[in-house]
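Working notes, structure below.
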Amino acid sequence: EVQLVESGRGLVQAGGSLRLSCAASGFTFDDYAIGWFRQAPGKEREGVSCTSSSDGSTYYADSVKGRFTISSDNAKNTVYLQMNSLKSEDTAVYYCAAECTVVAGIIDSSHDYWGQGTQVTVSS
């Protein structure tokens, strides 16, 4: 059974940093691109970042480029999202998913495998 579990929920002041983790199981980790998405109340889901452990490719939404970094630890079947210089607009529930895709610069998911989500709140 495919399972993705996020952790790293936190309340952070603007300008601060937070690291989210996504632990994956139930599929061959190296065969899938894992991505991070977020959704705030009343807003559409936004693709944040996507990575493929097989070739090391990484992609970011324009809104987070230069501030967020995605990485993976294959031995732990875990993907991380390091978030720096956080802004109030980053406040959302963050989800990891497999498999992420990038088409015309837009990050989306081609498979319906999602974690339960973790709340990130940035205060000023």
Results of ring pair (Phe, Tyr, Trp, His ring centres under 6.0 Å) for Phe27 - residues two or more places apart only: Tyr32
What residues, two or more places apart in sequence or in another chain, satisfy ring pair (Phe, Tyr, Trp, His ring centres under 6.0 Å) together with Tyr113? His111
Minimum heavy-atom separation for Ser109 and Ala97, please, with both atom names. OG-CB, 4.1 Å
Sequence neighbours left out, what passes salt bridge (charged side-chain N to carboxylate O under 4.0 Å, His left out) with Glu46? Give chain and number order. Arg38
Nearest heavy atoms of Ser21 and Thr78, plus distance in Å: CB-CG2, 4.2 Å
If you compare all heavy atoms of Ser49 against all heavy atoms of Leu81, which two are closest, and at what distance to 0.1 Å? CB-CD1, 4.2 Å
Excluding sequence neighbours, so at least two apart, what forms salt bridge (charged side-chain N to carboxylate O under 4.0 Å, His left out) with Arg67? Asp90
Could you list the residues that satisfy salt bridge (charged side-chain N to carboxylate O under 4.0 Å, His left out) with Lys65, not counting sequence neighbours? Asp62
Taking side chain to side chain contact (heavy atoms under 4.5 Å, CB included) as the definition, give me every residue that meets it alongside Thr91, ordered by chain and number, with sequence neighbours left out. Gln119, Thr121, Val122
Sorted by chain and number, sequence neighbours left out, ring pair (Phe, Tyr, Trp, His ring centres under 6.0 Å) with Phe37 holds for Trp114
Are Trp36 and Val120 grouped together when hydrophobic residues (ILVMFWY) are joined by side-chain heavy atoms under 4.5 angstrom apart? yes
Correct closest heavy-atom pair for Ile34 and Ile70 would be O-CD1, 3.8 Å
Side chains of Asn84 and Ser17 only: does a donor on one sit below 3.5 Å from an acceptor on the other? yes
Please list, chain by chain and in numerical order, all residues satisfying side chain to side chain contact (heavy atoms under 4.5 Å, CB included) with Asp31, sequence neighbours excluded. Thr28
Specify the closest pair of heavy atoms between Ala40 and Ala92, including all atoms of both residues, with the distance to one decimal. N-CB, 4.0 Å
Checking the side chain of Thr51 only, and the main-chain atoms of Ser71 only, is there a donor and an acceptor separated by less than 3.5 Å? no
Taking transitive links into account, so neighbours of neighbours count too, which hydrophobic residues share a cluster with Tyr80 at under 4.5 Å side-chain distance? none
Using the side chain to side chain contact (heavy atoms under 4.5 Å, CB included) criterion, which residues pair with Ser57? Sequence neighbours excluded. Asp55, Tyr59
Pairs in or reaching into residues 11-48: which pass disulfide bond (SG atoms under 2.5 Å apart), with residues at least two apart or in two chains? Cys22-Cys96
Name all residues meeting the salt bridge (charged side-chain N to carboxylate O under 4.0 Å, His left out) criterion together with Arg19; count only those two or more places apart in sequence or in a different chain, and write none if there are none. none
Can you name the nearest heavy-atom pair linking Ala24 to Leu4, along with the distance? CB-CD2, 3.4 Å
